Amino acid sequence: MTERPNVLWIMADQLRFDYLSCYGHPHLHTPHIDALAARGVRFTNAYVQSPVCGPSRMSAYTGRYVRSHGATWNGTPLRVGEPTLGDHLREAGARAVLVGKTHMTADVEGMAWLGIDPESEIGVRVSECGFEPAERDDGLHPNSPRQRWSAYDDYLVAHGFMADNPWGEFANSGVDADGELLSAWLLKNSRLAANVPEQHSETAYMTDRAMDFMTDAAKDSQPWVCHLSYIKPHWPYIVPAPYHDMYDESHIVPPIRAAAERDTVHPLMQAYLNARVCKSFARDHVREHVIPAYMGLIKQLDDNLGRLFAWMDEEGHSDNTIIAFTSDHGDYMGDHWMGDKDFYHEMAVKVPMIIADPRPEANSTRGETTDALVEMIDLTPTFMAALGCDAKPHVIEGRDLTPILHGTDGFSRNYAISEHDYHWSDMAETLGQPQENAHTKMIFDGRWKYIRCEGFEPIMFDLKNDPDELVDLGTSRATVHIDVRTRMEAALLRWATRHHTRVTATPKVLESQKDAASTGILIGFWDEVEFFDETGIPFASLAPIGKD
C-alpha cells in the first residue's frame, strides 16, 4: 500500500442493477461481482444523472449535473473548458486513463475557435473527456466505417477475421444452421452465438487491454484512475458461445407492468409507449428471445472480471487499487411495456454501484450494504479525495463517498436528480414539443419519485407503497399527494436555481471579492472617520492613483 491508491473504475453499459445475483436476481449468478461486493460496500440506491449513455457519462466524468455541463444527449459535445476528472487528477500529479467507451463527442467548433489542434496533447484530452486514451472503443453501427480511435477492428483482422466491418460481421453477428450471416441489430437473431470466439470478443478484448495498461503503469510510481468501460451488455444483444445458450425462457423473471400503464392518458407516456423500441419489447416473444442473450452478456462480463481480479491478485495490484463497479444506466426489457432506457423507472435510472477500498480505513465496512441515496456524480469527488486532489466545491456537484466507505459521518443527501432531453425523438414531433421544452427532470427523495414533464402534468410514484411504480400519482387529488408534489417541485426549483456555472469562483476568488475597500473600491463612505471605523485603514494611507 502506497500513500495514494490507484483506482480501477469499471463501468458496464446498459446493465440493470437487478441483473446481478448480489442484487437479487434468482437465476443469473455473478460470483465475481458478488465477491467484489463482499470486500467492499454495495450501494442499493445509486442513481444516474440521465437515463441515456452520453449525458450520464458526461456527468460521471465531470462530477456535475447535466444542466451544468450542457451535454444533454448523445452527440451533444462536451464544451471546451468543462472541467473533468482527468483535469483535476493531473493537478495532483495523477493520471486518468481510458480503456473502452466514453460516448464523448468533442467540441470541434470550440477547439477551432480557440486554435486548439485536435491532435495535440491538449486537443486529445479535450476530445477524450479529459482521459488519456489507452484504448477507446464506442462501438459502431451496421454501416459504420472503421473508427480511428478504435483498434478493435484491426485486432480482429490481425486474428484472421477479415471484413470491411469486422465489428459488425463478427462481434455483432451470428451464423445460422445454413451458414448465413445474420446481424444482431435484428432482435430475432439475438439467440445465435456471436460469430467470434469468446477470447476475441469485445468484453474479453477490453479486459486484456486493461491488463496491458496496468502492466505498463507499474513501471512508474505515478498514481492513476483507469476507466475500464465495457460496451456490453448494451445492444446489439448477442454473445459468443458458450454464453449464448446458457439461459432460456425458464430463467426470465416475469415483467413488471400493469394494464393501466398501457392504457395511460398521459400524452408523454403515450408517446413513449408508441415508440418502436417500446412496442417491440412490449411483446412477450421479443422479451423471451432477447433476455437470455442479455443475461449471457452479463455472465460473460462477470467471468472476465473474475479473470481480471485474479490477475490483479497475482500481479500485486489488488492491495493498492480501489475498484469501483457501476453502469451508466439500465434497460427496461419490456417492464412497464417499454424497451431500452430513456425514462425514470428503477430499472432504467437506478444502477449497481460497488466500491472496494483496500485501505485499512475501510476494514470496518467490508461486505456492508448501504441504502444511502447516492448519485453517479459522487464518484469523481471520491476518486479525487483518494488520489490527493484538493476539494473543488465550486466545480464539483457530487459528494465524496469516503465517509460511507470508511464508516464515518459526513455524507448525506436529501434528493437524487436525473434529466432527459428527448428533442431528437419522434416523441417530440408527435407531441409538438419544441426543442426548448422537450425535456423532463426527475427528483427522488428515497420514497417519492417526482418527474416534471415540461408542458404536461407531472408523473409521481410512491415507492414505499408501490415499489414496482405501477400507479402514477401525478394528478391525484389526495391532499398528501398534492403536498408531496408541491414540496418536490419546490426542491427541484431550489436545485435548478443554485449556482452551477461559477467554475472559476475558487475560495480565493470569493474571499478577495469581499475585500472591496482594501483594493480601492470605495462606495458609500461618508467621511474619513466612517471609513476608518469600518475598515481599520487610515484613509490618508491609501496610495493615490499612479503612485507606486
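The structure presented is a predicted model; accordingly, all values stated were derived computationally and were not measured. What's counted below: heavy atoms across the whole structure, side chains too, no hydrogens, waters or symmetry copies. Throughout, residue positions are numbered sequentially from 1 according to the sequence presented.
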Which donor-acceptor pairs under 3.5 Å do side chains of residues 288-296 form with protein atoms, sequence neighbours excluded?
{"from": "His289", "atom 1": "NE2", "to": "Lys188", "atom 2": "O", "distance (Å)": "2.6"}
{"from": "Tyr294", "atom 1": "OH", "to": "Gln14", "atom 2": "O", "distance (Å)": "2.7"}
{"from": "Tyr294", "atom 1": "OH", "to": "Arg16", "atom 2": "N", "distance (Å)": "3.0"}

Is the shortest distance from a Lys or Arg side-chain nitrogen in [X] or [Y] to a carboxylate oxygen in the other one below 4.0 Å?
{"X": "Asp445", "Y": "Arg487", "value": "yes"}
{"X": "Arg447", "Y": "Asp462", "value": "yes"}
{"X": "Lys350", "Y": "Glu346", "value": "yes"}

(request) Taking the six-membered ring for Trp and the full ring for Phe, Tyr or His, determine whether the centres of Phe131 and His227 are under 6.0 Å apart. (result) yes
(message) Would you say the rings of Phe281 and Tyr332 are close, in the sense that their centroids are separated by under 6.0 Å?
(response) no
(message) Using 30° and 60° as the class boundaries, would you call the ring planes of His420 and Tyr272 parallel, tilted or perpendicular?
(response) tilted
Check whether any side-chain heavy atom of [X] sits under 4.5 Å from a side-chain heavy atom of [Y], and report yes or no.
{"X": "Ile10", "Y": "Tyr230", "answer": "yes"}
{"X": "Tyr61", "Y": "Thr102", "answer": "yes"}
{"X": "Val286", "Y": "Ser280", "answer": "yes"}
{"X": "Val41", "Y": "Ile404", "answer": "yes"}
{"X": "Thr264", "Y": "Leu273", "answer": "yes"}
{"X": "Leu89", "Y": "Leu387", "answer": "yes"}

Check whether any side-chain N or O of [X] sits under 3.5 Å from a backbone N or O of [Y] as a donor-acceptor pair, and report yes or no.
{"X": "Asp331", "Y": "Met333", "value": "yes"}
{"X": "Thr380", "Y": "Ala60", "value": "yes"}
{"X": "Arg257", "Y": "His336", "value": "no"}
{"X": "Arg64", "Y": "Val395", "value": "yes"}
{"X": "Arg452", "Y": "Pro458", "value": "no"}

(message) Run the salt bridge (charged side-chain N to carboxylate O under 4.0 Å, His left out) test on Lys464 and Glu469 for me, step by step, so that the C-alpha distance in whole Å, both residues' side-chain angles and the decisive distance to 0.1 Å come before the verdict.
(response) CA-CA 10 Å; Lys464 178 180 179 181; Glu469 302 173 289; over 6 Å; no
(message) Check for me whether Lys449 meets the cation-pi criterion with Phe444, that is, NZ or CZ under 6.0 Å from the six-membered ring centre and within 45 degrees of the ring axis.
(response) yes
(request) Quick one: pull up CH2 in Trp495 and CG in Asn414 and give me the separation to the nearest 0.5 Å. (result) 15.5 Å
(message) For the CZ atom of Arg262 and the SG atom of Cys278, what is their distance to the nearest 0.5 Å?
(response) 13.5 Å
(message) Is it the case that atom CD in Gln435 sees more than 12 heavy atoms from other parts of the structure closer than 6.0 Å?
(response) yes
(message) Taking atom CG as the centre, does Asp426 end up with more than 12 heavy-atom neighbours from other residues, nucleotides or ligands that are less than 6.0 angstrom away?
(response) no
(request) Could you list all the ring-ring contact (aromatic ring centres under 6.0 Å, His included) pairs where at least one residue sits in residues 449-485, not counting sequence neighbours? (result) His345-Phe461, Trp448-His481
